[in-house]
Amino acid sequence: MAKDGLTEFRLVGTRPDRPDGLDKVTGRARYGADISAPGMLWAAVVRSPHAHARIVKIDTSKAEALDGVKAVITRADFPEGLTGEAWNLQENTMAGDRALYDGHAVAAVAATSAFVAQDAARLIEVEYEVLPHVIDVDDAIKPDAPVIREGAADATVPEGMPPNVVRYMEFGHGDVEAGFGAADLVMEKTYKTEATHQGYIEPHACMGQMGEDGRGEMWVCTQGHWFIRKMCTDVLGLDPAQLRVTPSEIGGGFGGKTTIFMEPLSLALSKKAGGRPVKVVMTRSEVLRATGPTASASMDVKIGMTKDGQITAGRAEFRMQGGAFPGAPVDFALMCGFAAYKMPAVEHIGYDVLANRPRAAAYRAPGSPMGAFAVESLVDEMCRELGLDPLEVRLKNAVHEGDKASYGPKFGSIGLEEVLQATKAHPNLLAELGPNQGRGMASGYWFNHSGDTSVSLAISEDGTAQVSVGTPDIGGSRASIALMTAETLGIDYEDVRVNVVETGALGVNEPTHGSRATFASGKAAVMAAEQAIGEMCRRAAAKWGIDPEAVEWVDGAAQPAGPNAGKFPPMTIAEIAAKMSSTGGPIAGHHESVPEGVGASFGTHVVDVEVDPETGRTTILRYLVVQDAGRAIHPAYVEGQYQGGAVQGIGWALNEAYIYGEDGRLQNTVFLDYRIPVASDLPMIDTVIVEVPNPGHPYGVRGVGETGITPPLPAIANAIHDAVGVRLRSLPMSPPAVLAALKAKE
Amino acid sequence: MHYHSPSTFEDAARLAASTTGVTRFLAGGTDVLVQMRAGMVLPDDLIDLKGIPGVADIQQTEDGGWRIGVAVPGIQLGAHAALVADWPGVVEGMELVGSTQVQGRATLTGNLCNGSPAADSVPGLVAAGATVEITGQDGTRTASVEDIPAGPGKTTLAQGELISAILLPPRGQNGGDAYLRFIPRTEMDIAVVGCAVSLTLDGDTVTAARVALGAVAPTVVLVPEAAEAIIGTTLDDAALEALAKAASAACNPIDDKRGTVAFRTDVAGVLAGRAAKIAYTRAKGA
Amino acid sequence: MSKTHVTTKVNGDTVEFLADPRASLLDCLRDNLGLTGTKEGCGTGDCGACSVTLDGTLVCSCLVLGVEAEGREIGTIEGMAEDKELHPLQRKFIEHAALQCGFCTPGFLVAAKALLDQNQNPTEEEVRYWLAGNLCRCTGYDKIIRAVMDAAAELRGEAA
Amino acid sequence: MSGAVSVHLWSSLTRFTDGARVVAVEAGTVGQVLEALSGAYPGLEPILEAGVSVVIDDELVTDHHSAVPEGAEVYLMQRIKGG
């Protein structure tokens, strides 16, 4: 458990105020749309109203003639000849010969005001030839489905597959048929999940400036500005070193801001408008129609279990669509699906399928929630069938360090057993349930991720430190990195300033994704601090005239390491820093690597619900999140990740969904009908932070952001079944769906 | 777009009659601004009614009824204790429209004129037997609230006509009303089904009732069969069952992003029973 | 399209701007007056990020026209701290880690202050319903509700 | 230095390896493993080029210069990234 200051650490595990708190409670913090610049223009984007259509003609003449319009662009203004992912990005930024989904950009305009830009956009005339479209993944995978794109399949797809299958995979181990043969109960069911959106409250926004010379700047809300730089310059055929990208504060991302959508438009418009900066701010409808939601899934799962709850074999065949481009996370869905179980034999089959929907982006543990919905629902169904306690069955089959993972390799240090035991001990499991109330549980998994990381640290003249990181602070990572840096240096938390810096200031960084900021930037910051400590020890050694190896760093000061090193009073960081100019110059540290030693995180959730049998409405009565953090650097923000992830999962389970009409157009393009949970929908979210330290991180961090979205989908389905005896195998479990299931049972 | 802020309803009516393009009236603005923002409606003329004296007033009329100005926001209705005591169902319908923030702006008149079949405040007004005062170029007339909506997004008002007040009848003795709606979340949604019941008791027996349903037909509908199911009863189980059946039978809904035909039809009956019980309790307590 | 001259008071200061008649009060605060603390999350009154007070009433500034501000008094997040002293809600939001990305925070603070200005002893349920029009996608609301309840306790003079 | 390394492939890759799920290559580093695979089974090259995650025993390894101990079990997995 997180001990809140009772750990062996001075600062790690405490809950200080976050360094950017003051800016964020006073309105001073500057987000994507909060910037402006002299001569700035405003952009508006023309988007396809059709799910699939050939673009016959675009007439921009009326828009160009409007007073105040400075640039109009279409695909004709982009370079030709791109291939692979660069082409995918360009095609998604601006449609070529065909619009591939409702909301696909087809033209953009920059003008002297937002209203002029919008007026001009309405004057752009686009002639479409509407083509047949396909939305649902089970329709899209049919051999005779409308073909989204010829030749989009990669080398993994065998000959003879349906035309919209663009990636195919099989993996597993053991003799699955023998495993099913050894089981007392074999069940196979089909589950479906609908696409949901990350739903960050800040719409995408940027201001880009690009001169005729190919040099430019961008201000943008993003999880990763090096990704933005590479993707924008790929799409526009520019030199990445000539584009400097500065991240704004970011108003939520959850994976959705790890790629580009309209950012290249600002640069292309700016270039055409003589280098004037161009601001692009999406409306909420544009966010829902044209940025990346997650994939939708159709999943067959088969499990064999003995009478006493031993899993003997599993098989999963998942079909997922991630929009009109490859990239649905069917691989991760399969890899996470059975991850919580020792699988003597398991087989996974996956299809990545194209459909006429916006291109899916990452969304918090991409794929894992779908896989868990299918597998954790079926495990629960089988426990009920066999009269077994679902928690005991999960303990019985739980994976431990050294076990072969369902997806292949052996697990390193993991804390699933500890998580399940902490769950079992929690008082929520003793709460009494009334009529129409039920309890459900499920586990979830995420690998966590490292990635390119570059951090620099500088000691100031007064012995304080500044740390430059390249991972935008999306939920308190400045605080966690400052805590670890201060702990390492032996100085006060308040004496470390963590800055999220622009692309010109550091080597390449991957985005804040994969739950990596506190793991990877944190680890790199610690290593940079250790480098600076080494230099400070050398300076002390030089002053004392002893071997640097004979100096150690204790409590923020250099001191002789043991009595043989000599007798000198400790030299504090402030004393060393005050003299640094005359002892060899600035003291700094830096670290660049793909930090190894990522630690995976398991979590288990338990939810109590009440179902209104007359309306089908599900109310969350109680909610418990138990998850392995490795080590909670700032426990309050770890709890926040658990709570936020759980509530996103609750939304996905109950009411969120992409709803399409027969015409293939998205029907719920505003928050009124894209129903994310509101404050009155929820109880407090109870949390237990389990700490099984990750040996691959200096303070034991695993990364906590993603696992939490995974268990709610099946846990709620299991609880609804417990409450009213109906099994929902399709999301969302909205009141009409639950009521229909209740009526069907009668 | 031209923004106008007339100081009388007559001026507003004249302005509206004289315009040739798209005209919208601005009461609370919570629908008009959203439509403008989405580009669904791009008015040439926007006539703001909030500058007209008296539009933000709630007045008791001589007969004991109520006259509610067109710019009275939900928050003001909810804060008016005497009005809440008389017509709690009307007020709770309005208070369900949008968030606390929206309550600071949204009005009964705007909710009615937006023409949504799912408007939360309209079933309560219909069940209450409310009327509206309409000002045109040639003077004023009154009409029943249920006669205003003509279909989704449409009203029966002619060009150059506008509502100048909402009129609630006197509540009288032993009366009660209630409005319930079903939404997927607990707040912030548009009604999937709404139902208002207003009734009067003599002792334990219902002597008069009006039942109105929202979101189950192209307009909010008054359902006399549902009222008849409970008139003359003590709202016993048989009466409640008959009420639910009649309410469900009156539904002519659609499948859409908010609900299905089957769901709306079922839940209309459920809500009618639940709302009737609340109205009954209120009438007993009155 | 001709613009309208508007004189209004924002956080106690008299200000003037030229408003496009189509521009919302939110647009005018952000783009004409440089008060970017008020955020746009939806533009349809569904998220509360643009919450301000208009003559003391909590509203979504995206649902008010800029021209309607003439002669009114507007309160925004930038005016919440008085004499450099943070409002208890602002302090409690930091203390309770009631923000992750911080984008919805100004709207929550303005809305919560409007509640506590009229009710210093709200129940958890009252806080949850009052704030139902403020969407937060990061926190699951738990810590926000705790921060508001704790600020209310402090305003009542109770120890936290 | 190089030695015999067994590489575990995901099963749909077996159509490029004449049906073998586990293939033996001579390699001393992760990069050499991938090169040896592409050399022996050209059909794998586009898939390896597109990016795979490499796990040596229980450790995810991103540095292609990392040493692969003789006799190590190497797993190729779908490339893991973040969300």
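A, B, ... follow the sequence lines: proteins, then strands. Residue 1 opens every chain. Treat the numbers as computed from the prediction; the structure is a model and nothing was measured.
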Task: Region of Cys50(C) that comes under 4.5 Å of a non-hydrogen atom in chain B - done: neither
Task: Arg105(B) side, atom CZ; Cys60(C) side, atom SG - distance, nearest 0.5 Å - done: 10.0 Å
- [ ] To the nearest 0.5 Å, tell me how far Thr4(C) OG1 sits from His2(B) NE2.
- [x] 10.5 Å
Task: Rounded distance (nearest 0.5 Å) linking atom CD of Glu68(C) with atom NZ of Lys50(B) - done: 3.5 Å
Task: Under 4.5 Å from a heavy atom of chain B, the part of Thr57(C) involved - done: side chain
Open item on the list: What's the separation between atom OH in Tyr3(B) and atom CG in Leu65(C), rounded to the nearest 0.5 Å?
Closed with: 6.5 Å
- [ ] List the atom of Thr30(B), the atom of Leu63(C), and the distance in Å for their closest heavy-atom pair.
- [x] CG2-CD1, 3.8 Å
TODO: For atom NZ of Lys277(B), decide whether the heavy atoms of other residues, nucleotides or ligands shown that lie under 6.0 angstrom number more than 12.
DONE: no
Task: CD (Glu125(C)) with more than 12 external heavy atoms under 6.0 Å - done: no
- [ ] May I ask you to test the Asn134(C)-Gln101(B) pair for a side-chain heavy-atom distance under 4.5 Å?
- [x] yes
Open item on the list: At a 4.5 Å cut-off on heavy atoms, which part of Leu42(B) comes close to chain C: side chain, backbone, both, or neither?
Closed with: neither
- [ ] Working to the nearest 0.5 Å, report the span between CZ of Arg37(B) and OG1 of Thr44(C).
- [x] 9.0 Å
Task: Side chain, backbone, both or neither of Val64(C) within contact of chain B (heavy atoms, under 4.5 Å) - done: both
- [ ] Mind checking the CD-CG spacing from Gln103(B) to Leu58(C)? Nearest 0.5 Å is all I need.
- [x] 11.0 Å
- [ ] Verify the neighbour count for atom CZ of Arg128(C): are there more than 12 heavy atoms of other residues, nucleotides or ligands below 6.0 Å?
- [x] yes
Open item on the list: I need the minimum non-hydrogen distance between Gly45(C) and Met188(B), along with the two atoms involved.
Closed with: O-CE, 4.0 Å
Open item on the list: Under a 3.5 Å distance rule, please check whether Thr100(B) uses its side chain to pair with a backbone N or O of Trp130(C) as donor and acceptor.
Closed with: yes
Task: Shortest non-hydrogen contact between Gly133(C) and Ser99(B), atoms and distance - done: CA-CB, 3.4 Å
Task: Proximity breakdown for Ser5(B) and chain C, heavy-atom pairs closer than 4.5 Å - done: neither
